[in-house]
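Below is one structure, written out as structure tokens; the observations come after it.
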Amino acid sequence: MPVVIYMRDSNPVREGFSNGMGNVRNRLESMIAESLHSVAGYKDLKAELSIELDIPRISDHGDYASNIALGLTRHLKRNPRQIASEIVANLNDSDSILEKVEIAGPGFINFFIKPAAWYGIIREVLDNAKKYGRLEIQRGPKVQVEFVSANPTGPLHIGHGRGAAIGDVLANILAARGFQVQREYYINDAGNQMDTLGRSLYFRYRQELGEGLEFPDNHYRGEYMLDLAKDFKRSHGDSFRKTPLEEALPVFTDYAAERILDGIKEDLDIFGVHFDNWFSERDLHKIDSIAKTIEYFRERGFIYESEGAVWFKSTAFGDEKDRVVVRANGASTYFAADLAYHRDKFERGFESVVDIWGADHHGYVERMLAGVQAMGRTRDDLRIVLVQLVNLLRGGAPVAMSTRGGEFVTLREVIDEVGKDATRFIFLTRRTDSPLDFDLEVAKARSNDNPVFYVQYAHARLCSVFEVARDRGVEFDPGSVNDEAFRLLNLRQELDLIKQVGEFPEMVCECVRSLEPHYIPYYLHQLVSLFHSYYHDNRILTEDAELTQARLCLAWTIKEVIGNALELLGVTAPQKM
RNA sequence: GCGCCUGUAGCUCAGUUGGAUAGAGCAACGGACUUCUAAUCCGUAGGUCACAGGUUCGAAUCCUGUCAGGCGUACCA
């Protein structure tokens with residue numbers, strides 16, 4: 001049974017959501033779910049609906065609010081306030097976490113939580129620090145995340161960097177929620193462009209030997225090709241001076257592709273992105289996979305010949321037109337290779353596959369989904385995340401990204417100038433389908449413009465508190481603190497902080513459901529903002545030993561959650577700043 | 001022409017699958033350091049959610065149309 005990873009109630013995204021019973025949200029949800037069965041008419045309902053708990057902006061509306069009664073009105077054809085009161089009347093608060101429950105407005109149910117109920121969250125984090133927010137299960141579904149997959153014809157640019165950060169973090173998030181994740185990079189090392197690449201190097205090499213050849217149009221004329229030509233000359237001398245292009249081409253192509261790919265790997269390594277598998281398109285050709293895939297589809301009736309070409313019937317699954325897989329000249333198309341590639345993915349046992357593509361490939365989505373469905377898979381088995389383009393700016397002015405001249409700012413240059421952490425953080429702070437302005441001056445400024453430092457600073461600050469505590473001889477062992485002390489954490493700010501910590505697992509689930517990492521930076525900002533404010537108004541190390549222990553526990557949980565969230569982002573959590 | 005994405009504060013962006021009085025950062029203005037890190041905190045101001053209709057108890061969110069920007073519309077990859 002294929003696993004749909006975005007379904008709200010599907011496992012393992014939310015299954016066993018938290019390890020302990022500390023999670024207030026969970027207990028509330030199951031309480032409501034039970035109560036629903038007592039609501040008149042509910043059992044005969046066919047519609048499925050999920051229980052959504054909102055955190056109201058206004059504190060008068062409680063700690064959590066549910067609009068479940070409003071959602072049921074339509075189905076039950078009954079007054080929402082009436083439904084709400086039935087739900088409330090049947091709540092079984094066995095753990096006694098509810099201070100009071102109110103029905104408000106058109107039929108919202110507002111839950112007010114007893115302060116003591118929140119303290120379980122602290123215990124949970126203290127016990128599971130590094131695992132908090134994660135789901136440890138035996139054998140989660142196998143998921144593949146394929147990303148970057150830039151052609152080995154030039155160095156990575158900033159747009160690839162955005163895709164790299166997003167793919168990497170999505171893989172982290174999926175892994176955190178129990179999926180068995182593989183990170184894969186698809187190397188487009190076959191086809192015309194590789195010949196073009198080889199020819200580009202060949203001409204540069206001949207020029208390097210002092211020949212006055214003219215460099216052909218529509219070839220890779222980036223500066224990196226000049227360096228490659230120099231290196232090639234260094235290692236091969238002039239031994240290819242007389243070799244005709246056709247004969248020499250494979251050598252030049254392989255040399256260029258390999259060297260460029262090495263560069264890509266190095267850049268990704270510096271960026272903190274590491275792949276489990278590098279899948280070469282050439283291997284697809286070697287095992288005749290494309291022809292076999294076409295035959296596979298032919299047997300299923302999705303292949304036909306027309307106008308001398310071979311077509312795939314993608315319109316059978318909603319694509320606007322059928323697509324050519326073998327051209328009239330006998331060459332297979334890129335799409336044919338991609339069909340074979342995706343068939344291979346599923347044959348490798350992945351239950352779900354995530355592709356991260358540049359948004360300029362959106363026209364390609366439907367045919368790929370059609371391909372997947374023709375394999376007998378569902379549309380949901382392949383999830384394509386489109387990443388919008390990055391506009392590179394410096395001090396508000398656009399940086400010329402001329403592809404014509406082959407001159408562009410590489411990812412490597414950006415990382416060198418801005419730093420890995422800030423670069424990743426900025427990439428991850430926007431929704432994937434939203435275009436991103438990346439201003440180099442803003443990104444590298446050690447200023448308030450830069451949210452990454454705001455977050456990292458909080459972590460360093462917290463570490464510093466524990467440092468000072470040690471220096472003052474304050475003993476603290478998160479594992480052996482008496483929970484009785486938590487009752488002293490009764491300030492509004494403290495309860496808000498604990499509540500926010502408690503939302504961490506839910507937030508990660510939301511990332512999985514939507515395949516959007518940007519919730520993490522926003523969550524972090526909110527958590528850290530609460531902390532900075534609290535830190536300003538209160539002292540953690542006080543004269544009162546019991547209070548100090550309680551606050552150190554709170555500080556510890558905040559520090560751990562910041563650390564966990566930053567780890568998901570692949571951003572370092574500094575001890576000092 | 002057709003298709004997809006985007007349009008929310010001066011700027012950059014959130015808004016959890018239709019919810020209560022529209023959110024944050026930056027910029028602007030005014031305040032707070034003898035303390036565990038001021039890379040911090042507190043406050044003020046800032047809005048016709050591009051526009052016009054529609055759906056309903058309720059719309060930034062869903063539908064239709066218009067406008068603006070980006071991308072895509074290959075027997076390229």
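We name chains A, B, ... by the order of the sequence lines, and we start the count at 1 in each one. Given the structure is predicted, the values throughout are model-derived calculations rather than measurements.
Within the structure, a side-chain polar atom (N or O) of A/Arg472 is placed less than 4.0 Å from OP1 or OP2 of B/C36. At B/C5, none of the side-chain N or O atoms of A/Arg431 fall inside 4.0 Å of OP1 or OP2 (strictly under the cut-off). For the pair A/Ser514 and B/U17, the criterion of a side-chain N or O lying under 4.0 Å from OP1 or OP2 is not met.
Centre separation under 5.5 Å together with a plane angle under 30° does not hold for the ring of A/His525 and the six-membered base ring of B/A24, so they are not marked as stacked. Per the stacking criterion (ring centres < 5.5 Å, plane angle < 30°), A/Tyr522 does not stack onto the base of B/A24.
Below 30°, between 30° and 60°, or above 60°: for A/Tyr364 and A/Phe335 the angle between ring planes is above 60°, a perpendicular geometry.
A/Leu386 comes within 4.0 angstrom of nothing in the nucleic acid, heavy atoms only. Nucleic acid contact class of A/Ala336 (heavy atoms, under 4.0 Å, all strands): none. A/Asp433 comes within contact range of the sugar-phosphate backbone alone, with a heavy-atom separation under 4.0 Å but no base atom that close.
Comparing B/C62 with B/C71, their C1' atoms sit 25 Å apart, to the nearest whole Å.
Under the Watson-Crick or G-U wobble criterion, with both distances below 3.5 Å, B/C51 is paired with B/G65. The pairing partner recorded for B/G10 is B/C26, the criterion being a Watson-Crick or G-U wobble arrangement whose two distances lie under 3.5 angstrom.
Residues A/Trp556 and A/Lys559 are in side-chain contact: their nearest non-hydrogen atoms beyond the backbone lie under 4.5 Å apart.
To the nearest angstrom, P of B/C4 lies 15 Å from CD of A/Gln388. Rounded to a whole Å, the NE2 atom of A/His536 is 7 Å from the C1' atom of B/C42.
The nearest heavy atom of RNA chain B to A/Asn67 and to A/Asn188 marks one nucleotide each, and the one closer to the 5' end goes with A/Asn67.
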